[in-house]
Q: 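For reference, the structure I am asking about is given below.
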Amino acid sequence: MSEQLSQPAERQKPSMFLLDGMALVFRSYYALMSARMQTQSGFPTGAIYGFINTILKIEETYRPDFLVVAFDSKEKTFRHEAFPDYKAQRPAPPTDLIQQLGKILEIVPAMGIPMLKRPGFEADDIIGTLTKKFEDRCNLFLVTPDKDFAQLVHDGVKLLKPARQNDEFLLYGAEEVKSHYGVYPEQFLDMLALMGDSSDNIPGAPGIGPKTAANLINRYGSIAKIYENLYELRPRARESLLKSKAALENGRFLMTIKTDMDIDLTLDDLKQKSPDLDFLLPLFEELEFRTLAARFKSSPEKKNEQAASDADLEFNFGANVDPNFQFAKKQPRDLGNYTLIQDEDDLNQLAEKLGSLKEFAFDTETTSLTTLDAELVGISFSFAPGEAFFVYCAESALSRETAIRVLKPILENPEIGKIGQNLKYDMLVLKNYGVRVQPVRFDTMLASYVLNPDKTHNLDDLAADHLGLETVKYADLVGKGKSEKSIYEVEPKTLSDYACQDADVALQLKNVLEKALGENEPLKKICEELEFPLVGVLADMEHEGVRLDVAVLKTLSETLGTELGRVSKIIYDAAGEAFNLDSPKQLSEILFEKLKLPAKRRTKTGYSTDVRVLEELAESFPVAKQILEYRSLQKLKSTYVDALPNLVHPKTGRIHTSFNQHIAATGRLSSSNPNLQNIPIRTEIGREIRGAFVPSDAHHTLLSADYSQIELRIAAELSGDPTMLGAFQNREDIHSTTAKLIFETDEVTKDMRRKAKEVNFGVLYGIMPFGLAQRLDISQAEAKEIISQYKEKYPMIFSYLEGILDKARASGYVETLLGRRRYIRDLNSKNFSIRSAAERAAINTPIQGTAADMIKKAMLGIASDIHKQSLRSRMILQVHDELLFNMHESEVDILPELVQREMIEAAKAIGIRNVPIEVEVGTGANWIEAH
DNA sequence: GCTCTGGCTTA
DNA sequence: GTAAGCCAGAGCC
């Protein structure tokens with residue numbers, strides 16, 4: 001049939017609107033919650049009013065031929081039978097909503113609108129079945145705020161979703177579904193299954209959200225196809241999917257809307273009848289819906305009347321409220337017994353209680369994630385599960401000064417343990433108000449990290465994992481992105497419930513996690529003796545900050561700018577045109593298509609233009625060398641030289657990084673915003689950037705102390721290899737010694753030493769002939785030969801590595817010398833590259849992790865000494881094997897020795913017995929000189 | 001505005 | 001070959 005003929009026929013079809021009753025009622029309830037509509041006698045009416053208006057709005061806007069409302073049944077559904085946890089977390093609806101629902105169920109039929117309900121089924125299934133039944137004869141519009149219905153969309157079936165802000169509707173066909181959710185309706189169920197649905201308690205694959213789910217579905221087409229190609233995925237996604245296979249099948253079943261219920265109805269049965277005004281008008285009178293009543297009186301079917309007049313909203317807020325009817329309180333939800341405190345008397349009472357405790361959990365609410373900019377809005381406290389208090393000290397009767405004055409002695413009391421999630425943040429916020437929080441009794445984020453570093457450790461995930469609790473998210477309070485509102489705009493009680501929940505959950509988590517730690521003594525000690533005490537040390541370092549000489553960078557920026565202009569001109573001349581050198585895509589088009597240079601490797605999206613490719617090309621094509629130069633200069637300029645000055649905090653004139661204690665799977669710290677652990681050093685021009693890192697003032701210098709060859713020493717210690725231990729004991733240059741041994745010569749050339757150095761590093765990273773060959777640009781056969789020489793000379797290194805792998809295969813984890821654990825999956829994978837990657841991680845982790853434990857221990861010792869001796873010098877940075885200090889001139893004779901001693905002492909403390917540890921110290925007027 | 005990719009910096 | 005974080009571009013919203 002031609003388009004012309006089908007189109008008018010299509011238009012002739014009657015329209016049928018299927019309304020998801022319960023979901024729309026819920027929406028009305030929450031949309032009108034703040035209006036607090038109620039009758040003079042206190043009966044709540046917002047949800048009723050909103051829902052009727054939704055129906056009228058549809059009738060007026062679309063003039064439907066058929067309009068049907070479907071409701072869920074109260075009985076358990078077949079979904080509950082198949083999956084007992086289905087919707088298990090969902091709190092009972094608020095009682096004031098239930099009251100209103102009763103009225104709605106009377107009003108809808110009285111309006112003459114067909115209303116359907118079936119025991120054991122949800123509204124979704126009724127709508128799905130009617131859709132299937134009538135889609136050939138009608139144009140269907142599914143009216144619902146629930147995205148799950150997108151699975152039903154196809155030709156002639158569209159979704160009509162109430163818009164977020166106004167009372168308009170958004171129409172979703174297949175294309176709109178795709179553009180809004182990322183997949184087409186046919187694939188929608190697979191995507192839903194991957195994401196799961198926390199409100200229905202359907203798990204999905206942990207860590208896979210809407211974005212990733214849509215991406216995966218688009219890349220592979222379906223869940224089944226994703227599982228066929230698991231090995232291509234990143235480890236986190238892969239592991240999540242492996243664990244979730246059964247859950248996904250189950251979730252997909254639960255989220256499938258039934259389309260084959262036994263519903264015996266004809267189009268005639270669904271015709272709308274005239275409204276029963278004898279019933280409706282008195283009821284509207286009772287509910288005080290005056291404009292609505294007027295509309296029905298005059299002409300219930302008329303379309304040109306004004307929609308929802310505000311008149312109905314005008315009466316009854318405030319003045320005439322029945323004092324016994326407490327609207328806001330009637331929301332039991334899943335919340336505990338939470339109390340909002342906003343006056344001094346209540347605060348004093350709370351303080352007295354807190355002061356008598358051995359420990360409690362707390363959490364601060366602020367205006368910013370950047371601690372130096374964060375204003376304190378309130379603090380929540382919990383000392384019994386399910387119970388919490390929120391001290392609101394902004395824009396209220398209780399001033400921040402009063403709150404701080406009363407709480408400071410308690411927060412600083414060394415006898416009262418502090419429990420919390422990411423306490424470093426709270427400590428830094430409170431530091432701005434002169435409060436030095438101590439001691440860290442338990443940090444739930446760090447405990448989770450120590451128990452299993454590869455997991456995520458945010459509070460919401462921890463609550464879900466360990467307590468089975470669905471928490472209120474911060475975004476639920478203030479929204480997200482553009483429309484995010486200020487925390488000051490949140491109702492104090494709402495904010496209080498959120499804040500209280502966080503303290504409450506932290507306390508409950510502490511109980512669960514502490515028990516888990518109790519089953520592993522070393523992990524418990526790592527928490528209590530390493531990670532928890534380190535929190536305060538890191539907070540101090542971040543707070544202290546590093547001074548930056550902006551003038552140095554400004555000069556450097558100008559030099560780099562000139563150089564970049566010069567180099568890019570040369571490249572453009574060679575290319576015959578100007579283009580964006582920062583775009584790998586454009587660059588590869590120029591190089592490999594226009595200039596026809598030989599392509600070496602491919603990436604996912606095109607030809608690779610990375611260092612290795614360009615270096616290879618540089619031998620024959622000078623332009624490649626110029627591009628490499630451009631790249632390195634541009635990197636330095638954009639990432640460091642131009643970016644760092646903007647990060648100098650206006651209040652302190654210094655740079656304040658964040659040291660993340662819960663990210664690196666091996667136990668290392670990481671640094672971000674900005675990352676001060678990857679400031680350049682290798683190239684001459686890069687090193688100049690370090691010249692901008694300077695002491696705080698003329699009375700200070702920088703002191704740098706770094707462990708020499710720490711990871712190789714640890715490998716020697718852990719393996720007990722006598723040759724390598726001997727080399728270190730004799731203070732030999734380890735790379736030269738290795739060269740001597742593997743090349744069997746006393747005349748070690750520079751090149752031999754370079755190769756030996758690579759091999760030594762290779763050992764730490766889980767050496768493989770292939771990798772070494774690549775790295776040294778030699779054949780795999782040569783690489784194999786070198787490795788076998790190494791094995792012969794340092795036999796115990798290799799037997800140690802084999803032992804690690806055996807143990808890991810048997811137990812599923814590897815450990816540092818202190819007993820810090822990391823679980824390693826995939827050691828038995830049939831896929832070579834996956835298995836090899838797992839083996840390399842297994843080998844590297846004990847070595848890298850032991851070094852991390854050691855320097856953490858050293859930092860604690862140093863911080864303690866500085867405190868005890870009331871020194872004026874400060875530790876300011878940690879770069880994995882190096883510590884940097886802002887050293888006061890009066891302490892130049894004690895600090896270097898103190899630092900060196902503590903760093904060496906730390907090695908002993910974590911159990912290093914056989915290998916000597918060397919620490920190199922240096923001082924200077926900037927980081928280049930000190931290092 | 002958000003997320004991913006390629007590329008590059010450190011230990 | 002291990003462990004991280006950040007930048008610009010690109011693609012989608």
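Because the structure is predicted, anything quoted here is derived from the model rather than measured. Proteins get letters first, then strands, A, B, ... in listed order; numbering begins at 1 in each.
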Q: Which of the following nucleotides, C:dG5, C:dA4, B:dA11, is nearest to the side chain of A:D881?
A: B:dA11
Q: Find the distance A:F832:CZ to C:dG1:P and express it as a whole number of Å.
A: 12 Å
Q: With a 4.0 Å cut-off on N to O distance, would you call A:D853 and A:R820 a salt bridge?
A: yes
Q: Could you tell me whether the phosphate oxygens of C:dA4, OP1 or OP2, come under 4.0 Å of any side-chain nitrogen or oxygen in A:N675?
A: no
Q: Between C1' on B:dG7 and CZ on A:R631, what's the gap in Å once rounded to a whole number?
A: 6 Å
Q: With respect to the phosphate group of B:dT9, does any side-chain polar atom (N or O) of A:K635 fall under 4.0 Å of OP1 or OP2?
A: no
Q: Heavy atoms only, 4.0 Å cut-off, all strands: where does A:S671 land among base, sugar-phosphate and nothing?
A: sugar-phosphate
Q: At under 4.0 Å, does any side-chain N or O of A:S583 touch on OP1 or OP2 of C:dA8?
A: no
Q: Should A:I804 and A:Y800 count as side-chain neighbours, where that means a heavy-atom distance under 4.5 Å?
A: yes
Q: Looking for any heavy atom pair under 4.0 Å, which part of the strands does A:Q878 touch: base, sugar-phosphate only, or nothing?
A: nothing
Q: Is any side-chain N of the basic residue among A:D582 and A:R631 closer than 4.0 Å to the acidic one's carboxylate O?
A: no
Q: Return the value, rounded to whole Å, for the distance between atom CZ of A:R668 and atom C1' of C:dA4.
A: 8 Å
Q: So, does A:T609 get its side chain near the phosphate of B:dG7, meaning an N or O under 4.0 Å from OP1 or OP2?
A: yes
Q: So, A:Y794 versus A:S719: side-chain donor-acceptor pair below 3.5 Å or not?
A: no
Q: Under 4.0 Å, counting only non-hydrogen atoms across every strand here, what does A:R682 touch: a base, just sugar-phosphate, or nothing?
A: base
Q: Taking A:E616 as the fixed residue, which of A:R601, A:K600, A:K625 is the one that meets the salt bridge (Lys or Arg N to Asp or Glu O under 4.0 Å) rule?
A: A:K600
Q: Salt bridge between A:R809 and A:D806, side-chain N to carboxylate O under 4.0 Å?
A: yes
Q: Can you tell me which nucleotide in B:dG6, B:dT10, C:dG1 comes closest to the side chain of A:P680?
A: B:dT10
Q: Which part of the nucleic acid, if any, lies within reach of A:L772 when heavy atoms closer than 4.0 Å are counted: base, sugar-phosphate only, or nothing?
A: base
Q: Can you find a side chain N or O atom of A:R840 that sits less than 4.0 Å from OP1 or OP2 on C:dT2?
A: yes
Q: Measure from the side chain of A:N678, starting at C-beta and using heavy atoms only, and say which of C:dC7, C:dG1, C:dG5 lies closest.
A: C:dG5
Q: Output the single nucleotide from B:dT10, C:dG1, B:dG7 whose closest atom is nearest the side chain of A:R775.
A: C:dG1
Q: Between A:D582 (CG) and B:dT5 (C1'), how many Å, whole number?
A: 15 Å
Q: Does C:dG5 have OP1 or OP2 under 4.0 Å away from a side-chain N or O of A:S672?
A: no
Q: Contact class for A:R822 (heavy atom, under 4.0 Å): base, sugar-phosphate, or nothing?
A: sugar-phosphate
Q: To the nearest angstrom, how far is A:F693 atom CZ from B:dT10 atom C1'?
A: 12 Å
Q: Is there a donor N/O on one and an acceptor N/O on the other, under 3.5 Å, for the side chain of A:Q677 and the base of B:dT10?
A: no
Q: Counting only Watson-Crick pairs (N1-N3 plus N6-O4 or O6-N4) and G-U wobbles (N1-O2, O6-N3), all under 3.5 Å, who is the partner of B:dC2?
A: C:dG11
Q: Remember a base hit wins even if backbone is also touched, and classify A:E711 as base, sugar-phosphate or nothing at under 4.0 Å, heavy atoms.
A: nothing
Q: Tell me whether the OP1 or OP2 atom of C:dC6 has a side-chain N or O from A:N673 closer than 4.0 Å.
A: yes
Q: A:Q661 has an atom CD; how far is it from atom P of C:dA4, in whole Å?
A: 15 Å
Q: If you check the A:K604 side chain, which of C:dA3, B:dA11, B:dG6 turns out closest?
A: B:dG6
Q: Could you check whether A:T845 gets within reach of a base, just the sugar-phosphate, or nothing at all, counting any heavy atom under 4.0 Å?
A: nothing
Q: Could you check A:Y823 against A:R825 for side-chain hydrogen bond (donor to acceptor under 3.5 Å, both in side chains), going step by step and ending with a plain yes or no?
A: CA-CA 7 Å; A:Y823 293 90; A:R825 315 179 88 256; over 6 Å; no
Q: Between C1' on C:dC6 and CD1 on A:I663, what's the gap in Å once rounded to a whole number?
A: 14 Å
Q: Tell me which nucleotide among C:dA3, B:dT5, B:dT10 gets nearest to the side chain of A:T605.
A: B:dT5
Q: Can you tell me if A:S670 touches the phosphate of C:dG5, counting only side-chain N or O atoms and a distance under 4.0 Å to OP1 or OP2?
A: yes
Q: Just to be sure I understand the rule, does A:L669 reach a base, reach only the sugar-phosphate, or reach nothing, if contact means heavy atoms closer than 4.0 Å?
A: nothing
Q: In whole angstrom, what separates A:I627's CD1 from B:dC8's C1'?
A: 16 Å
